[in-house]
Amino acid sequence: MNIFFLLLIELKTAPVDFRFPTTNQTRHCFTRYIEFHRCMAVKGESSGDCEKFAKYYRSLCPGEWVEKWNEQRDNGTFPGPL
């Protein structure tokens with residue numbers, strides 16, 4: 001039964017965003033992270049509307065960066081415009 005469940009999972013990355021035309025996706029990653037947290041601030045954690053942004057930044061950003069940014073947000077030292 002576990003094998004059947006695994007076959008139903010479809011892995012996707014963030015869609016093409018023409019604001020970021022180069023192969024270096026650092027800015028794309030950072031922007032999606034910010035979009036997710038702005039969405040959460042406006043719509044609340046119970047809203048599912050922001051989940052697409054979470055999927056995007058999680059597929060683009062290295063986990064170490066996200067951990068660091070989360071710590072910075074908690075400490076009030078995040079460098080981005082939230």
Side-chain angles (χ1 to χ4, degrees):
M1 187 163 182
N2 289 338
I3 294 172
F4 178 72
F5 177 73
L6 292 175
L7 295 176
L8 296 178
I9 296 173
E10 183 178 352
L11 299 177
K12 291 184 179 181
T13 188
V16 174
D17 190 328
F18 294 104
R19 295 177 291 177
F20 311 100
T22 65
T23 56
N24 184 342
Q25 294 296 303
T26 302
R27 289 182 62 206
H28 190 181
C29 153
F30 189 70
T31 299
R32 294 300 190 169
Y33 180 85
I34 289 173
E35 287 173 338
F36 169 72
H37 289 287
R38 283 183 177 172
C39 181
M40 294 295 281
V42 171
K43 299 193 177 206
E45 292 187 22
S46 61
S47 173
D49 296 339
C50 305
E51 195 57 35
K52 67 180 180 180
F53 296 118
K55 289 179 183 177
Y56 296 164
Y57 88 75
R58 288 178 185 141
S59 72
L60 291 165
C61 302
E64 297 84 18
W65 293 5
V66 173
E67 289 174 20
K68 181 178 180 182
W69 293 337
N70 288 339
E71 288 175 16
Q72 289 174 334
R73 280 187 21 264
D74 291 341
N75 297 332
T77 59
F78 183 72
L82 294 176

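The figures here come from the full heavy-atom set of this structure, side chains too, leaving out hydrogens, waters and symmetry mates. The structure displayed is predicted, hence computed values, not measured ones.
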In this structure, CE of Met40 is separated from CG of Leu82 (nearest 0.5 Å) by 12.5 Å

Hey, does Pro81 have a side-chain heavy atom less than 4.5 Å from the side chain of Arg38?
-> yes

Could you state the interatomic distance from CZ (Arg27) to CG (Leu60), rounded to the nearest 0.5 Å?
-> 13.5 Å

Less than 4.5 Å apart, any side-chain heavy atom of Trp69 and any of Ile34?
-> no

Partner set under side chain to side chain contact (heavy atoms under 4.5 Å, CB included) for Tyr56, not counting sequence neighbours = Ala14, Pro15, Arg32, Lys52, Phe53

Just jot down the salt bridge (charged side-chain N to carboxylate O under 4.0 Å, His left out) partners of Lys43, sequence neighbours excluded, or say none.
-> Asp49

Roughly how far, to the nearest 0.5 Å, is CD of Glu64 from CD of Glu67?
-> 6.5 Å

Cys50 and Phe36 have their tightest heavy-atom pair at O-CD1, 3.4 Å

Rounded to the nearest 0.5 angstrom, the CG-OH distance for Asn70 and Tyr33 is 3.5 Å

Check whether any side-chain heavy atom of Phe30 lies under 4.5 Å from a side-chain heavy atom of Thr26, and answer yes or no.
-> no

For Arg58, all residues meeting salt bridge (charged side-chain N to carboxylate O under 4.0 Å, His left out), sequence neighbours excluded = Glu51

Take atom CZ of Arg73 as the centre, draw a 6.0 Å sphere, and report whether it contains more than 12 heavy atoms from other residues, nucleotides or ligands.
-> yes

